[in-house]
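Remember, it's a predicted structure, so these values are computed and weren't measured experimentally. First listed ligand is number 1; within each ligand, the first listed atom is number 1. We count residues from 1, following the sequence as given.
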Amino acid sequence: MKIDILTVQPELLESPFAHSILKRAKEKKLLEVNVHNLRNWAVNEHGQVDDYQYGGGAGMVMMCEPLANAIEFLSRESQFDEIIYMTPDGCPFNQKTANRLSLKKNLLILCGHYKGIDERIRQNFITMEISIGDYVLSGGELPAAVLVDAIGRLLPGVLNDETSALFDSFQDSLLAPPVYTRPADFRSMRVPEILLSGDPKKVDEWRQEQSWLRTKARRPDLLDG
Ligand code: SAH
């Protein structure tokens, strides 16, 4: 899979893909992430990509021209399955969307800044708008990194069996069960006996039950329907 990201702050995206699981995904050539600086398509030599908003009011708006030119340029190189704008008023991101996007081949992610981007770009170039939660961040870079991480770890071959994504929270609309590691007794706090029983069927049943109890207590909304 190839993901292109368009941003005015490429430095913010240097670290998230350089470590751990996403690094491995890149090394194994399962995931390619290309970060593009929107200022390469600036309207003048000052690197301008934003302007005052019509109607007045505080805050700059990202201009149509650099965005349209950048999207068109990148679209000549790749046939994008989705052109995604990260925005707090987009569709709330969840595991289902991550699963669905992980099946795509080419994605373009647009990171907003300031007040956001000119509405005409949203209406005519963007195919999908995603929010990572009901709060406002100062830019779309961290949201884009969240998206790429959630998608990247689902690509076949990225995670090994031990960390298989299938057993994570939300994959079956349930939260994950509690987990423990050595020692079995830590300051008199003991690991549940059943996990030490060596009986995989019992362990499995216990985990299912714990998943269900945890979901019921913390996220009953996931059990609706
Ligand atoms: N004025 C806009 C917020 C702009 S925040 C509004 O009220 O809706 C600046 C940029 O940060 C946005 O363009 C978007 O790309 C990014 N951003 C902020 N919060 C986000 C969130 N919860 N999810 C996804 N992107 C977000």
Any salt bridge between Arg76 and Glu72, counting N to O under 4.0 Å?
-> no

For Asp204, all residues meeting side-chain hydrogen bond (donor to acceptor under 3.5 Å, both in side chains), sequence neighbours excluded = none

Is the shortest distance from a heavy atom of Thr87 to ligand 1 less than 4.0 Å?
-> yes

For atom 21 (C) of ligand 1, the option (of Pro88, Gly116, Gly112) bearing the nearest heavy atom = Pro88

Note: Asp50-Lys115 ion pair, threshold 4.0 Å (strictly below) = no

Is there a heavy atom of Phe93 sitting under 4.0 angstrom from any atom of ligand 1?
-> no

Candidate list Ile5, Asp4, Ile151, test side chain to side chain contact (heavy atoms under 4.5 Å, CB included), partner Leu107, passing option | Ile151

Below 4.0 angstrom, N of the basic side chain to O of the carboxylate: do Lys26 and Glu32 qualify?
-> no

Looking only at distances, please establish whether an N/O atom of ligand 1 is found under 3.5 Å from an N/O atom of Cys111.
-> no

Nearest non-hydrogen protein atom, atom 19 (N) of ligand 1 | Leu137 N, 3.0 Å

Quick one: nearest non-hydrogen protein atom to atom 2 (C) of ligand 1, plus distance?
-> Lys115 O, 3.6 Å

How far is atom 9 (C) of ligand 1 from its nearest protein heavy atom, and which residue and atom is that?
-> Tyr114 O, 3.4 Å

Evaluate the side-chain proximity of Phe80 to Ile83: yes if any heavy-atom separation is below 4.5 Å, no if none is.
-> yes

Where ligand 1 meets Pro143 - atom numbers and elements under 4.0 angstrom, heavy-atom basis | 24 (C), 25 (N), 26 (C)

Smallest heavy-atom separation, Ser173 atom then Thr215 atom, equals O-CG2, 4.0 Å

Give a yes/no verdict on whether any heavy atom in Leu142 is under 4.0 Å from an atom of ligand 1.
-> no

Sub-4.0 Å atoms of ligand 1 with respect to non-hydrogen atoms of Ile130 = 24 (C)

With Glu205 as reference, evaluate Lys201, Arg207, Lys202 under the salt bridge (Lys or Arg N to Asp or Glu O under 4.0 Å) test and give the passing residue.
-> Lys201

Nearest to atom 12 (C) of ligand 1, what protein heavy atom do you find, and at what distance?
-> Tyr85 OH, 3.9 Å

re atom 15 (O) of ligand 1, the protein heavy-atom contact at minimum distance is Met86 O, 2.5 Å

Less than 4.0 Å between atom 7 (O) of ligand 1 and some protein heavy atom, yes or no?
-> no

Side chain to side chain, Pro10 and His36, heavy atoms closer than 4.5 Å = no

Nearest non-hydrogen protein atom, atom 22 (N) of ligand 1 | Tyr135 O, 2.9 Å

Per-atom filter on ligand 1: closer than 4.0 angstrom to a heavy atom of Gly140 are 11 (O), 15 (O), 16 (C)

At a 4.0 Å threshold, what atoms of ligand 1 neighbour a non-hydrogen atom of Ser131?
-> 22 (N), 23 (N), 24 (C)

Return the set of residues passing side-chain hydrogen bond (donor to acceptor under 3.5 Å, both in side chains) with Glu82 (not counting sequence neighbours), or none when no residue passes.
-> Thr127

Do Lys2 and Asp81 sit within salt-bridge range, that is, some charged N less than 4.0 Å from a carboxylate O?
-> no

Among Ile132, Asp89, Ile84, Ile109, which one has a heavy atom closest to atom 23 (N) of ligand 1?
-> Ile132

